[in-house]
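For reference, the structure discussed in these notes is given below.
These figures come from a predicted structure and were not determined experimentally.
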Amino acid sequence: MCCFFCCFAVVEETVVARVAGVDGRRPGVTERLLRLDTTDQFATFAMLERYLQQPSRLESQRIFQLPPDMQQMLIQRYYTFDEAVVRELLGKKLSSRQRKDLDDIEEKSGIPLTSCRRQFDNMKRIYMAVEDVEG
């Protein structure tokens, strides 16, 4: 989980992008409303993320009433990889030191650091699961 200030900065960036996207096309949609909605969406994701990290738990949880097709879509999107990030990670040991060096991958790929971290953690989880099944 990221620190409060990092999350705040991401929320602010997202609000700015959403305000620019609305661009007067939706009367009554204010920056305050978009800020509240965005903050709510990030909080919901923070609660949901622990279930996405262990997809079998998502199906059995009762906090979020999600139809099976929505659960499947969320899992697929959460575990989506960017080609540029995977290219940089393949062949490297997925260690905590490598996780600290994701800034380099962010610069090379142009993918935000939070996304690089998610993809690194997901790749490591997948590797560990496959290793457990095989051995």
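The distance from the CG atom of Leu90 to the CE atom of Met123 is 5.0 Å, given to the nearest 0.5 Å. Taking CZ of Phe120 as the reference point, atom NZ of Lys92 lies at 10.5 Å (rounded to 0.5 Å). The distance from the CD atom of Glu49 to the CG atom of Leu74 is 12.0 Å, given to the nearest 0.5 Å. Expressed to the nearest 0.5 Å, how far CG of Leu34 lies from OG1 of Thr14 amounts to 11.0 Å. Between Arg50 atom CZ and Gln61 atom CD the span is 8.5 Å, to the nearest 0.5 Å. Taken from CZ in Phe81 to CD1 in Ile111, the straight-line distance is 13.0 Å, to the nearest 0.5 Å.
Aromatic ring orientation, Phe64 versus Tyr51: perpendicular (interplanar angle above 60°, classes split at 30° and 60°).
For Glu59, the CD atom is loosely surrounded, since the number of other residues' heavy atoms within 6.0 Å does not exceed 12. Around CE of Met73, the count of heavy atoms belonging to other residues, nucleotides or ligands within 6.0 Å exceeds 12.
Taking the side chain as every heavy atom from C-beta outward, Asp37 and Val15 never approach each other to under 4.5 Å. Proximity of Tyr78 to Pro55: side-chain heavy atoms (C-beta onward) are nowhere separated by under 4.5 Å.
Across every non-hydrogen atom of Lys93 and Gln98, the tightest pair is O-CB, 3.5 Å. For the pair Asp103 and Leu113, the tightest heavy-atom approach, listed with the atom from each and the gap, is N-CD1, 4.0 Å. Nearest heavy-atom pair across Gln65 and Arg62 is NE2-O, 2.9 Å. Annotation for Leu89 and Ile105: closest pair CD2-CD1, 3.5 Å, computed over non-hydrogen atoms.
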Quiz item: Run the side-chain contact (heavy atoms from CB on, under 4.5 Å) check on Gln41 and Phe45 step by step: do they pass?
Solution: CA-CA 6 Å; Gln41 293 293 328; Phe45 176 75; over 6 Å; no
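Checked for salt-bridge contact, Asp121 and Arg99 meet the test: a charged N lies under 4.0 Å from a carboxylate O.
The side-chain contact (heavy atoms from CB on, under 4.5 Å) search around Arg32 returns Thr30, Leu36, not counting sequence neighbours. Residues forming a side-chain hydrogen bond (donor to acceptor under 3.5 Å, both in side chains) with Glu106 (at least two apart in sequence, or on another chain): none.
There is a side-chain donor-acceptor pair under 3.5 Å between Ser115 and Gln119.
Residues Val86 and Leu102 share a hydrophobic cluster, clusters being chains of Ile/Leu/Val/Met/Phe/Trp/Tyr side chains in contact below 4.5 Å.
Counting only distance, with no hydrogens or angles, the side chain of Thr38 and the backbone of Arg35 share no donor-acceptor pair below 3.5 Å.
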